[in-house]
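Report on one structure; see the data block that follows.
All chains are named by letter (A, B, ...) in the order of the sequence lines, taking the proteins before the strands, and each is independently numbered beginning at 1. Everything numeric here is computed off the predicted structure, so don't read it as measured data.
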Number of protein chains: 2
Amino acid sequence: MSLRHAVLGMLDEAPASGYDLLRRFEQAMSNVWAATQSQLYGELGKLEKAGLIRVHAEGPRGRKEYEITEEGRVELRHWLVEVKPNRSPRNEVLLRVYFLGSVSPDKAKEFIEYMGENSREREERLTELEASIDWGDDNAAQYGRLVLEWGKRFSAMSREWSEWAVKQID
Amino acid sequence: MSLRHAVLGMLDEAPASGYDLLRRFEQAMSNVWAATQSQLYGELGKLEKAGLIRVHAEGPRGRKEYEITEEGRVELRHWLVEVKPNRSPRNEVLLRVYFLGSVSPDKAKEFIEYMGENSREREERLTELEASIDWGDDNAAQYGRLVLEWGKRFSAMSREWSEWAVKQID
DNA sequence: AAACGCATGTAACATGTTACATGATTAG
DNA sequence: CTAATCATGTAACATGTTACATGCGTTT
């Protein structure tokens, strides 16, 4: 149930509409957690019914701005540090590497080079992002920087691995 | 539909029963792709109906050993290098880091230290695993080594990030 | 004979994706 | 006035999890 907590976390920073949250899922959040529009609106409905968020203001075009409730904050803090993370890892690209023995070494190399290319691009995008963001010195932004740094290190590691791995084939 | 392809990949190495495959998902595969017993048996049924695998031998206790068909091999090779990977990343732990501003710096530090501890353990487990495996020099094992190395580098990177990140807080 | 491991399957539920559907407001 | 963007929602389907159910074969 992490989508639920992603929403609570964002609303704990500031009130927002489903539409606002969707933008964040597509942008800043997209390296960490995904959500489709459909799923998001559904979850907002459930969260409201459960009393963890409430409509705080309505705007044009049926816009509903939600805010987190005290109950929601309690749930968020509980999840953040007390609930054991238990997602099973799923890495589709690495899964393919496992089975590259089923194609020719040339195709395998090509695939791993493609992985390296992706990592390089990701690395660049994150570096650009870092430069473009005006990091206020508020509390929340601090952790955004940590996540960004994680992404950069991850991309670098993946790129280096790809460079090493192509050399191992045959 | 990666579960499907994980199954095809394993059956392309050697025939196996659902039970055999489950063992692999729980062991070697667990760092890369997860599957529950329930899901696996369901998928085997679908794959058989679709003609991508077939029952190749039956054993005691209703054991059904499957083998991949030529059609299955075609599908596997197609997926391996021609289908664009499109899984959206989901990292529950990193999602929490994003929102650590909602708890005290002390609790945040504790959480990141816990992350580092996990990475260290994972690193050790993989190193032990590496030593314990008798790598035959067959084609398939080669790629298993690449995946293992990825895991080791990933764990090391996570550990180093954690060490760096705790120092950034406050 | 009991306990353990092998072996398969179903049902209910939760989560996530794709496609469809609708309409208001704002910018050019 | 027209296109883009804002804004919310539903339906059908695919994927994944937890719990339940059953029984055979082997080892102690």
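Only at 4.0 angstrom or more do the heavy atoms of residues 11-32 of chain B sit from any atom of DNA chain D, so none qualifies. Proximity of residues 72-96 of chain B to DNA chain D (heavy atom under 4.0 angstrom from any strand atom) is restricted to B:Arg87. Using a 4.0 Å cutoff on non-hydrogen atoms, the parts of residues 42-67 of chain B near DNA chain D are B:Pro60, B:Arg61, ordered by number.
Here the NE2 atom belonging to A:His56 is positioned 12.0 Å from the OG atom belonging to A:Ser17, to the nearest 0.5 angstrom. Here the CG-CD distance, from A:Leu22 to A:Gln27, works out to 9.5 Å after rounding to the nearest 0.5 Å.
In the 5' to 3' direction, nucleotides of DNA chain C lying under 4.0 Å from heavy atoms of chain B begin and end at C:dG5 to C:dT17.
Note: A:Phe154 and A:Trp150 have parallel aromatic rings, judged against thresholds of 30 and 60 degrees for the angle between ring planes. The aromatic rings of B:Trp79 and B:His5 sit parallel, their planes meeting at an angle under 30°, below the 60° perpendicular limit.
Note on residues 3-16 of chain B: pairs passing salt bridge (Lys or Arg N to Asp or Glu O under 4.0 Å), not counting sequence neighbours, are B:Arg4-B:Glu43, B:Asp12-B:Arg73, B:Glu13-B:Arg24.
Pairing each heavy atom of B:Gly18 with each of B:Leu40, the nearest pair is O-CD2, 3.4 Å.
Of the possible polar contacts, one joining the B:Arg77 side chain to the A:Ser102 backbone as a donor-acceptor pair under 3.5 Å is found. Remark: side-chain polar atoms of A:Glu163 are not paired, donor with acceptor, to backbone N or O of A:Gly116 under 3.5 angstrom. Panel note: side chain B:Trp161, backbone A:Gly151; no donor-acceptor pair is recorded below 3.5 Å.
A heavy-atom distance below 4.5 Å is found between the side chains of B:Glu92 and A:Asn86.
When the nearest nucleotides of DNA chain D are assigned to A:Tyr41 and A:Ser38 by heavy-atom distance, the more 5′-ward of the two goes with A:Tyr41.
When the C1' atoms of four end pairs are superposed on the next four at each end of the helix from C:dA1-D:dT28 to C:dG28-D:dC1, using five pairs per end, the two resulting axes differ in direction by 20°, to 10°.
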